[in-house]
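Nothing here was measured: the structure is a model prediction, and the numbers come from that model.
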Amino acid sequence: MREGYEGTGPGAITPDGCAVELYSRLPVGDEPDIIAAAVPKGAHILELGSGVGRMTHALLERGFTVTAVDESAEMLERVRGARTIRSPIEELGLGEKFDVVLLASFLVHAGDAEVRRALLRTCARHVAEGGSVLIQREGEDYHANVPRERVDPSGFTVRIVSSEPVGDGVNSVRAEYEFPDAVWTQTFRARPLTREQFEEALEEAGLRVDKYLTDDRIWVRAVPKA
């Protein structure tokens, strides 16, 4: 387990505290529709941090080709219909270029700034000329509106219990997922980024914002700098 990361609950837990069985249960939201509206039909997508394939499968259904990357073998065992590659994102070097590189799940907010830089460099070196990088950011009140909870229509409750500073601009976040038959928790480290800090991080990696895809600016389309 990585320092500052922890997960509890039934089944396998990945090094960043994610529970494989939990992520197999979570429903897909509107993310695949946001992605599909922002990229060319039939694009080849490199999905970084695919997990069990929650978004992978929805993208395949929409006619995309997906290469799914995750560091967890247990997660990748659940992916169907996509090429899978087991690797830490920050170390990935496929020697290939893709129409779209996808960095979702707030991974750009990695607590370790060097990890964040490596993640964005991976995005930049795998995106094709004329392609794009789609990134999911935290909501702007993510660390302020705490505690909070949401009851999902499918019958489980997700809570962000706390977000506490641990130094150097990093917060320790604790989340709980309560189902009728099981409870999972995850503790992880996240670095809040203002819009300006986020755009500076892209710039450092040779990328720039092309368009904020949603009104809350959580989903972003970035492109290589000219």
Side-chain angles (χ1 to χ4, degrees), residues 1-36 39 42-96 98-110 112 115 118-119 122-123 126 133-136 152 154-158 173-190:
M1 199 66 61
R2 292 178 182 152
E3 183 181 357
Y5 293 75
E6 183 183 7
T8 67
I13 306 291
T14 65
D16 57 358
C18 293
V20 175
E21 181 60 34
L22 166 64
Y23 278 85
S24 296
R25 294 187 182 200
L26 294 181
V28 66
D30 60 357
E31 293 98 334
D33 292 328
I34 293 170
I35 295 163
V39 304
H44 191 169
I45 298 174
L46 176 64
E47 184 185 5
L48 302 175
S50 66
V52 296
R54 188 172 56 95
M55 282 204 291
T56 316
H57 300 142
L59 292 170
L60 291 169
E61 290 169 1
R62 286 160 175 78
F64 297 103
T65 300
V66 182
T67 294
V69 177
D70 204 276
E71 69 177 350
S72 166
E74 293 91 346
M75 288 282 195
L76 289 176
E77 284 174 2
R78 311 270 181 130
V79 176
R80 297 289 180 267
R83 171 192 180 196
T84 58
I85 295 173
R86 184 185 178 191
S87 172
I89 298 168
E90 55 268 35
E91 297 176 10
L92 188 69
L94 297 179
E96 302 173 41
F98 296 80
D99 305 317
V100 179
V101 180
L102 178 60
L103 186 70
S105 304
F106 315 132
L107 292 175
V108 74
H109 293 274
D112 186 330
V115 170
L119 296 178
T122 294
C123 293
H126 287 93
V133 178
L134 301 191
I135 300 170
Q136 185 182 25
D152 191 86
S154 63
F156 70 93
T157 300
V158 57
V173 181
R174 179 179 171 84
E176 293 180 353
Y177 301 83
E178 183 177 340
F179 287 74
D181 62 337
V183 176
W184 285 272
T185 72
Q186 184 180 10
T187 302
F188 58 94
R189 292 191 175 178

Kindly compute the distance separating [atom1] ([X]) from [atom2] ([Y]), expressed to the nearest 0.5 Å.
| X | Y | atom1 | atom2 | answer |
| --- | --- | --- | --- | --- |
| F64 | M55 | CZ | CE | 12.0 Å |
| T157 | Y177 | OG1 | OH | 12.0 Å |
| T67 | E96 | OG1 | CD | 6.5 Å |
| T185 | E176 | OG1 | CD | 7.0 Å |
| I13 | E21 | CD1 | CD | 10.5 Å |
| D16 | M1 | CG | CE | 8.0 Å |

Would you mind writing out the side-chain donor-acceptor pairs for residues 47-54 within the sub-3.5 Å range, not counting sequence neighbours?
| from | atom 1 | to | atom 2 | distance (Å) |
| --- | --- | --- | --- | --- |
| E47 | OE1 | T56 | OG1 | 2.5 |
| R54 | NH1 | P27 | O | 3.2 |

Can you see which heavy atom on [X] is nearest to which on [Y], and at what distance?
| X | Y | value |
| --- | --- | --- |
| G17 | Q186 | O-CG, 3.4 Å |
| R2 | E71 | NH2-OE1, 2.8 Å |
| A110 | V115 | CB-CG1, 4.0 Å |
| R78 | S24 | NH1-OG, 2.8 Å |
| V183 | E178 | CG2-CG, 3.9 Å |
| V69 | S87 | CG1-O, 3.7 Å |

For this session: Show the numbers, then the answer: is there a side-chain contact (heavy atoms from CB on, under 4.5 Å) between L134 and I45?
Result: CA-CA 10 Å; L134 301 191; I45 298 174; over 6 Å; no
Exercise. In this structure, are over 12 heavy atoms from other groups packed under 6.0 Å from R86 atom CZ?
Worked result: no
Problem set entry | F106: ring pair (Phe, Tyr, Trp, His ring centres under 6.0 Å) partners, not counting sequence neighbours |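 F106 satisfies ring pair (Phe, Tyr, Trp, His ring centres under 6.0 Å) with Y142 once adjacent residues are dropped.
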Problem set entry | S154 and D152 side chains, donor-acceptor separation under 3.5 Å | yes
Exercise. Has R25 got its NZ or CZ under 6.0 Å from the middle of the six-membered ring of F156, at an angle within 45 degrees of the ring axis?
Worked result: no
Are any of the side-chain heavy atoms of [X] and [Y] separated by less than 4.5 Å?
| X | Y | answer |
| --- | --- | --- |
| M75 | C18 | yes |
| L59 | L102 | yes |
| D70 | V79 | no |
| L103 | V108 | yes |

Exercise. Would you say the side-chain atoms of Q136 pair up with the backbone N or O of S105, donor to acceptor, closer than 3.5 Å?
Worked result: yes
Exercise. Would you call the rings of F98 and H44 parallel, tilted or perpendicular if under 30° counts as parallel and over 60° as perpendicular?
Worked result: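 Correct class here is perpendicular.
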Exercise. With a 4.0 Å cut-off, would you call R189 and D112 a salt bridge?
Worked result: no
